[in-house]
Colleague: 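Quick one: this structure, given as structure tokens, is what I'll be asking you about.
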Amino acid sequence: MKTVLKYIVGKGQLGLLLGALISLLGLASCIEKDAKIPPPEYSKRTSIICYLSPRNANVSVQLGFTVPYFGVQSDTVSYYSDAKVTVSDLSAGTSVVLPFNRVDFVYRVGKNKMPILNDHQYRVDVVLADGRSYSASTQIPPKLGPTDLQLGKFSVGKLEQNQQFGQQVSVNVELKMGNTRKGFYYSPQFDIVLEDGQGDFYGNTMYFKGSGVEEGIGSDTLRFFYQERMWLQGGGGMGGSKAIDPMKFNGAEGTFWVFDKGYAESYNKFFEDTGNPFAEPILLYSNWSNGAVGTLGSFDWEEMTITP
């Protein structure tokens, strides 16, 4: 009885092994064949880009359409040249139709015909020759002042030596602004300047959390923190003379930006794009109606120098 049982089990295992072998052979034959998977169906969509600012000399709208991602690529970009593009200042109750500029391939007028003013609301309407229409709205951010961004706490550590990279120093700087407005986004883009004990200066770009863009928080204080171990030119085989303690924070200079939601979303998406072809694709932000892609955004800025 035991012998018969062992025979039956062995026979069953042999059957399983044969079945698995046949499956593997079939899989190998499939692998050798080229898989033909058609690319996703291309759907042509209207693309609209418009950024409004009191700082711009012109009011411009770029109007084109998307191209297929797969297949033969071309550097030539096609535009709609026969659309009706209207920009309206909803706060002032005025509007202007933008003519198509055949040199730069954009719809454009000078801002003397349509002034872009802080805190005003604007709408852009696009009507194609076939009757399809798109629209989007924005509110221009509030005007910034030269002292709106203030210096908070700051510290500079002692110089550290590194045989491979030269000298380094730990730097902590806080920038702050009170009475920011919710729904608008703020971004300081500054270079920091340090001075050493012999009067030599060292600079570095200040990087803040994420993309460095923060939404306003009302009456509370909006804070930006720069915390970095800063490498200095000189010493350690890097060339030049070595810095000498004590190191001190001499100041920072740059541009303080303010964006509306549309511009901030678009800025953050481009910041996420690393250029790596193997990274996850970036889904661009769009705030146009009826399925158009692109952004209507607005921004303003103030150049300033911050010193202790």
Side-chain angles (χ1 to χ4, degrees), residues 53-56 118 140-162 164-181 184-260 263-264 267-268 270-271 298-308:
S53 174
R55 302 282 185 165
N56 290 345
N118 296 99
I140 309 300
K143 183 175 178 58
L144 297 173
T147 60
D148 281 349
L149 192 64
Q150 298 288 324
L151 177 65
K153 297 178 181 180
F154 63 92
S155 65
V156 181
K158 291 185 178 181
L159 285 167
E160 303 172 12
Q161 305 296 326
N162 184 296
Q164 183 177 4
F165 298 105
Q167 296 175 291
Q168 63 185 24
V169 62
S170 296
V171 183
N172 297 280
V173 178
E174 174 193 26
L175 301 180
K176 59 183 183 178
M177 179 182 179
N179 297 315
T180 54
R181 288 176 45 185
F184 293 102
Y185 298 77
Y186 300 81
S187 177
Q189 299 182 15
F190 281 74
D191 290 328
I192 189 174
V193 179
L194 301 183
E195 183 179 357
D196 76 349
Q198 59 188 359
D200 290 333
F201 297 93
Y202 301 83
N204 196 37
T205 300
M206 302 179 73
Y207 293 100
F208 303 96
K209 181 183 68 175
S211 64
V213 178
E214 298 288 346
E215 184 177 4
I217 54 177
S219 59
D220 292 337
T221 301
L222 184 63
R223 303 177 188 274
F224 298 87
F225 295 97
Y226 172 77
Q227 299 174 323
E228 188 67 47
R229 180 168 292 179
M230 181 173 161
W231 297 100
L232 308 180
Q233 290 287 347
M238 297 291 289
S241 61
K242 291 185 178 180
I244 297 177
D245 276 322
M247 299 292 295
K248 67 178 182 179
F249 172 62
N250 190 269
E253 58 183 18
T255 306
F256 191 32
W257 295 81
V258 57
F259 311 139
D260 77 328
Y263 194 99
Y267 181 92
N268 286 332
F270 281 112
F271 183 84
S298 58
F299 62 94
D300 200 359
W301 76 84
E302 183 72 30
E303 295 181 355
M304 57 184 69
T305 300
I306 299 174
T307 56

Colleague: Give the C-alpha distance, both sets of side-chain angles, the deciding distance and a yes or no for side-chain contact (heavy atoms from CB on, under 4.5 Å) between Met230 and Gln167.
Modeller: CA-CA 8 Å; Met230 181 173 161; Gln167 296 175 291; over 6 Å; no
Colleague: Do Met177 and Phe256 have side-chain heavy atoms sitting under 4.5 Å apart?
Modeller: yes
Colleague: Give a yes or no answer on whether the side chain of Ser187 reaches the backbone of Trp257 with a donor-acceptor pair at less than 3.5 Å.
Modeller: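 Checking the backbone N and O of Trp257 against the side chain of Ser187, no donor-acceptor pair under 3.5 Å is found.
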Colleague: So, using side-chain contact (heavy atoms from CB on, under 4.5 Å) as the criterion, who are the partners of Glu303 when residues are at least two apart?
Modeller: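 Residues passing side-chain contact (heavy atoms from CB on, under 4.5 Å) with Glu303: Thr255, Trp301.
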Colleague: For side-chain contact (heavy atoms from CB on, under 4.5 Å), just list the numbers for Leu159 and Leu232, CA-CA rounded to whole Å, side-chain angles, deciding distance to a tenth of an Å, and then say yes or no.
Modeller: CA-CA 9 Å; Leu159 285 167; Leu232 308 180; 3.3 Å; yes
Colleague: Roughly how far, to the nearest 0.5 Å, is CG of Leu175 from OH of Tyr186?
Modeller: 15.0 Å
Colleague: Applying side-chain contact (heavy atoms from CB on, under 4.5 Å), name anything that partners Ser211, two or more places apart in sequence or on another chain.
Modeller: Val213, Tyr267, Asn268, Phe271
Colleague: With sequence neighbours left out, what residues match Ile217 under side-chain contact (heavy atoms from CB on, under 4.5 Å)?
Modeller: Thr180, Asp220, Leu222
Colleague: Between Asp300 and Lys143 (side chain of the first, backbone of the second, donor and acceptor by atom type, cut-off under 3.5 Å), is there such a pair?
Modeller: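 Flag not set: sc Asp300 to bb Lys143 has no pair under 3.5 Å.
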Colleague: Between atom CD1 of Ile140 and atom CZ of Phe184, what is the distance when rounded to the nearest 0.5 Å?
Modeller: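 Reported to 0.5 Å precision, the distance equals 8.5 Å.
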Colleague: Around atom CD of Glu253, are there more than 12 heavy atoms from other residues, nucleotides or ligands closer than 6.0 Å?
Modeller: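 No - once you tally the heavy atoms of other residues, nucleotides and ligands closer than 6.0 Å, there are 12 at most.
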Colleague: For Glu215, check salt bridge (charged side-chain N to carboxylate O under 4.0 Å, His left out) against everything at least two apart and list the hits.
Modeller: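 Salt bridge (charged side-chain N to carboxylate O under 4.0 Å, His left out) check on Glu215 returns nothing, list empty.
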Colleague: Kindly write out the residues that satisfy side chain to side chain donor-acceptor pair (under 3.5 Å) with Gln227, not counting sequence neighbours, or none if the list is empty.
Modeller: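 Gln227 satisfies side chain to side chain donor-acceptor pair (under 3.5 Å) with no other residue.
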Colleague: Between Met304 and Phe190, does a side-chain contact (heavy atoms from CB on, under 4.5 Å) hold up when you go through it step by step?
Modeller: CA-CA 9 Å; Met304 57 184 69; Phe190 281 74; 3.5 Å; yes
Colleague: At what distance, to the nearest 0.5 angstrom, does OG1 of Thr147 lie from CD of Glu302?
Modeller: 9.0 Å
Colleague: Just checking Phe225: does its CZ atom have more than 12 heavy atoms from other residues, nucleotides or ligands closer to it than 6.0 angstrom?
Modeller: yes
Colleague: Suppose we screen for salt bridge (charged side-chain N to carboxylate O under 4.0 Å, His left out). Which residues come up paired with Asp148, at least two apart in sequence or across chains?
Modeller: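 None.
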Colleague: Donor-acceptor pair, distance only, cut-off 3.5 Å: does the side chain of Asp260 make one with the backbone of Ser298?
Modeller: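 Side chain of Asp260 to backbone of Ser298: a pair is present.
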Colleague: Starting at CD of Gln198, measure out to NZ of Lys242 and round the result to the nearest 0.5 Å.
Modeller: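 Spacing of CD (Gln198) from NZ (Lys242) equals 12.0 Å.
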Colleague: Is a side-chain N or O of Asn118 found less than 3.5 angstrom from the main chain of Pro141, in a donor-acceptor match?
Modeller: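 Looks like yes, one N/O pair under 3.5 Å.
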Colleague: Return the set of residues passing side-chain contact (heavy atoms from CB on, under 4.5 Å) with Asp191 (not counting sequence neighbours), or none when no residue passes.
Modeller: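 Listed in chain order: Thr205.
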Colleague: May I have the step-by-step check of side-chain contact (heavy atoms from CB on, under 4.5 Å) for Val173 and Leu151, ending in yes or no?
Modeller: CA-CA 8 Å; Val173 178; Leu151 177 65; 3.8 Å; yes
Colleague: Just how far is it from atom CE of Met206 to atom CD1 of Ile306, taken to the nearest 0.5 Å?
Modeller: 7.5 Å
Colleague: Using the side chain to side chain donor-acceptor pair (under 3.5 Å) criterion, which residues pair with Glu228? Sequence neighbours excluded.
Modeller: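 Listed in chain order: nothing, the list is empty.
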Colleague: Could you tell me which residues satisfy ring-ring contact (aromatic ring centres under 6.0 Å, His included) with Phe154, sequence neighbours excluded, listed by chain and number?
Modeller: Phe249
Colleague: Quick check for you: to the nearest 0.5 Å, what is the distance between Tyr202 atom OH and Met247 atom CE?
Modeller: 6.0 Å
Colleague: Could I get the full list of ring-ring contact (aromatic ring centres under 6.0 Å, His included) partners for Tyr263, not counting sequence neighbours?
Modeller: Tyr51, Phe259, Phe299
Colleague: Using the salt bridge (charged side-chain N to carboxylate O under 4.0 Å, His left out) criterion, which residues pair with Lys248? Sequence neighbours excluded.
Modeller: Glu195
Colleague: So, do Glu160 and Ser170 sit near enough that their side-chain heavy atoms are less than 4.5 Å apart?
Modeller: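 Heavy-atom side-chain distance check passes, below 4.5 Å.
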Colleague: Would you list the pairs meeting salt bridge (charged side-chain N to carboxylate O under 4.0 Å, His left out) in which at least one residue belongs to residues 164-174, sequence neighbours left out?
Modeller: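 Counting only pairs at least two positions apart or across chains, the salt bridge (charged side-chain N to carboxylate O under 4.0 Å, His left out) contacts touching residues 164-174 are Glu174-Arg223.
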